[in-house]
Amino acid sequence: MAETEHRPTNFVRQIIDKDIANKVHSTIKTRFPPEPNGFLHIGHAKSICLNFGIAQDYQGSCNLRFDDTNPTKEDISYVNAIKEDVQWLGFEWAGEPCYSSGYFDQLHGYAIELIEKGLAFVDFCSQEEIREMRGTLTQAGTHSPYRDTDVATNLAEFEKMTAGEYEDGKCCLRAKIDMASSFMVMRDPVIYRIKHAHHHQTGDKWCVYPMYDFTHCISDAIEGITHSLCSLEFQDNRRLYDWVIENISIDTVPRQYEFSRLNLEYTVLSKRKLIQLVEEKFVDGWDDPRMPTVAGLRRRGYTAGAIREFCARIGVTKMENQVEMSMLESCIRDDLNENGPRAMAVLDPIKVIIENYPEDQHEELVAPNHPSNEAMGTRLLPFSREVWIEAEDFRESANKKFKRLVLDKEVRLRNAYVIKANRVEKDEDGNVTTVYCTYDDETLGKDPADGRKVKGVIHWVDASKGCAAEFRLYDRLFTVPSPAKEDDFTGAINPDSLEVKKGYIEPSALQSEQGFSAWQFERIGYFCRDTHFDTPVFNRTVGLRDTWAKIQQGG
RNA sequence: UGGGGUAUAGCCAAGUUGGUAAGGCUGCGGGUUUUGAUCCCGCCAUCCGUAGGUUCGAGUCCUGCUACCCCAGCCA
């Protein structure tokens, strides 16, 4: 893939370069560690491109690891969706997918090791008591009354916890670190809690589950991860990550580095909020084309290459950021402009009747699939006396800025003839329904012989052979650039994010033997077929750049 | 003075032994064009959060200040 050839460097790669130069590591190993509690979104794509991209470029490897330590929030359907999305994005994980839950036995053993070393204790304080004793950001916490329980008792109590003798919340295992630490995460963090819950991987084997901070670093070490990349909010957690690795008997020493997560304008990228959009039916599901999920973008018509390119363009830093939608849109336009065949579709049709074209005549015009790439071949365009054109491409009168069809003026039908509008027919509301025209049969594939200039070109669909189709146009999901900052982000949902159009499309776009799945409908935008429907439904991925719209707004 | 982080154009982002501000997106001009698309050409930071200091020379070093983000889940 061309877009992967010039990956920009970033601070993580520079760290790796140094580690290699200093012979700290000979091979690089990364991991992408989602919790299977929702679908992947474009922010995950950034992490995926970073982790798998590094593995590729350094001839290392990258694991896919499900960080599944909280069975009550997770589901097997999410692990399947995540696998599919990672593969679709074009990446291959090393070996079989890994699961944190696959290390539960070892994790349990390391917990016992900490207890034996006097570095962990079973705490019977309630959750509220623990919270109160944790102190505040400016005040040290206080010791739990169970902090000095002897090792043998702790061992026995942890065993009872594990055996299911206590109900949820009755007690927990805590690391014994420093209740006065300026890092809140170091104030005797809970590392095991009781959850009598069924786990999608381990079934009912366990009723105690390790916490993230205890699990992640050990999982990294077990897998031999050299560089464990996560987002900025885990910077404080790194102290606990290192503490655990230092205090258990394990040889490998993975290092954690943090980068800033992606924020995208006019959408939300937090699983909690995305789950809410799905569950409260603000959208059609995880793969709603308006969703910033990988599945949603895919259904919208975004290609994996375009998403990878986007991730390459935005870079990886530690700066808080909010990327403009135009950055994403530019990536998919670049891809589809180059790779998408052209076709014609009329979304808001009015009829053109070519009065001097024989009623029983039908032609098959040949049109290139791409204006500059002949290798993409040609397709046949049916043409006859009646065609559909876009309502906004006709005006009874207009100044010369309007380069489309105007009464008594000429315009070219794209890939076909020059026509001239003679008169119109309107409905009871005064809307033009039909434009009666004449055509110049000398203008197929060439300019008028007498040298007269025809400035405009409009698209069309043959009325007799064109196919009825539905077109779905999407707008941003939210009305404000930072919906996550609203008190209630659902209040900022754009009520007009979906516009459905019923129109017509040239037959070639419905012929599966053409082998295309995404097109540029000329002058309208890039579209893909929505395979959720048997009838022809096309999603507009993104519109074309529209300077005409800007001219109109400005004037 | 709780601690951890970050500050380079509207947005993203290079800049790493101090040597005189890459690139992309957006925007704005102009050219080509049977897509008001694409493509092509040109323009867009005397200045790097701010105030000082060191230096022949600082975005890069030092000091003070300011702004913003993260941390008080038995979530990840």
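Chain letters run A, B, ... following the sequence lines, proteins first and then strands; every chain starts at 1.
Taking a cutoff of 4.0 Å between a charged side-chain nitrogen and a carboxylate oxygen, A:Lys170 and A:Glu165 do not qualify as a salt bridge. A salt bridge links A:Arg261 with A:Glu233: the closest approach of a Lys/Arg side-chain nitrogen to an acidic carboxylate oxygen falls below 4.0 angstrom. A salt bridge is defined here as a Lys NZ or Arg NE, NH1 or NH2 lying under 4.0 Å from an Asp or Glu carboxylate O, and A:Glu223 with A:Arg65 meets this definition.
Closest to the side chain of A:Gln520, out of B:U35, B:C75, B:G2, is B:U35. Considering only side-chain atoms of A:Glu233, the nucleotide from B:C12, B:C70, B:A37 that sits closest is B:C70. Of the candidates B:A76, B:A13, B:A37, the closest approach to any side-chain atom of A:Asn321 belongs to B:A13. In this structure, of B:C75, B:A76, B:C11, it is B:C75 that holds the atom nearest to the side chain of A:Lys195. Comparing B:C74, B:A37, B:U35 against the side chain of A:Pro371 picks out B:U35 as the nearest.
Contact annotation for A:Val185: no contact, since no heavy-atom pair falls under 4.0 Å across all strands. At the heavy-atom level, A:Phe402 lies under 4.0 Å from base atoms of the strands shown. Residue A:Ile314 is classed as a sugar-phosphate contact, given heavy-atom separations below 4.0 Å to backbone atoms only. When heavy atoms are screened at a 4.0 angstrom cut-off, A:Phe234 is found touching base atoms of the nucleic acid. Heavy atoms of A:Leu444 sit under 4.0 angstrom from at least one base atom. Here A:Arg412 lies in heavy-atom contact (under 4.0 Å) with a base. Nucleic acid contact class of A:Gln322 (heavy atoms, under 4.0 Å, all strands): sugar-phosphate only. Among the heavy atoms of the strands lying under 4.0 Å from A:Asn337 are primed sugar atoms or P, OP1, OP2 only; no base atom is included. Base contact: A:Thr443 has a heavy atom under 4.0 Å from a base atom. Nucleic acid contact for A:Arg134: sugar-phosphate only, since backbone atoms but no base atoms lie under 4.0 Å from a heavy atom of the residue. Residue contacts for A:Met344: at a heavy-atom cut-off of 4.0 Å it reaches no nucleic acid atom on any strand shown. In this structure, A:Ser181 reaches neither bases nor backbone, as no heavy-atom distance under 4.0 Å exists between it and the strands shown. Note on A:Asn237: a base of the nucleic acid sits closer than 4.0 angstrom, heavy atoms only. When heavy atoms are screened at a 4.0 angstrom cut-off, A:Ile130 is found touching base atoms of the nucleic acid.
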Return all side-chain donor-acceptor pairs below 3.5 angstrom for residues 519-527 of chain A, not counting sequence neighbours, or 'none' if the list is empty.
unit_1	atom_1	unit_2	atom_2	d
A:Gln520	NE2	A:Tyr526	OH	3.1
A:Glu522	OE1	A:Arg414	NE	3.1
A:Glu522	OE2	A:Arg414	NE	3.0
A:Glu522	OE2	A:Arg414	NH2	2.5
A:Arg523	NH2	A:Asp393	OD1	3.1
A:Arg523	NH2	A:Asp393	OD2	2.3

Name each donor-acceptor pair under 3.5 Å that joins a side chain in residues 208-215 of chain A to protein atoms two or more places apart or in another chain, with its distance.
unit_1	atom_1	unit_2	atom_2	d
A:Tyr209	OH	A:Ala197	O	2.9
A:Tyr209	OH	A:Trp206	O	3.1
A:Thr215	OG1	A:Met211	O	2.7

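Remark on RNA chain B: of its neighbouring residues A:Glu35 and A:Val323, the 5'-side contact belongs to A:Val323, judged by nearest-heavy-atom nucleotide.
A donor-acceptor contact closer than 3.5 angstrom links the side chains of A:His216 and A:Arg31.
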Can you check nucleotides 3-10 of chain B for protein contacts, nitrogen or oxygen pairs under 3.5 Å, and list what you find?
unit_1	atom_1	unit_2	atom_2	d
B:G3	O2'	A:Ser182	OG	3.4
B:G3	N2	A:Asp236	OD2	2.9
B:G4	O3'	A:Arg239	NH2	3.0
B:G4	O2'	A:Asp236	OD1	3.1
B:G5	OP1	A:Arg239	NH2	3.4
B:G5	O2'	A:Gln235	OE1	3.2
B:G5	O2'	A:Gln235	NE2	3.4
B:G10	N2	A:Glu324	OE1	3.0

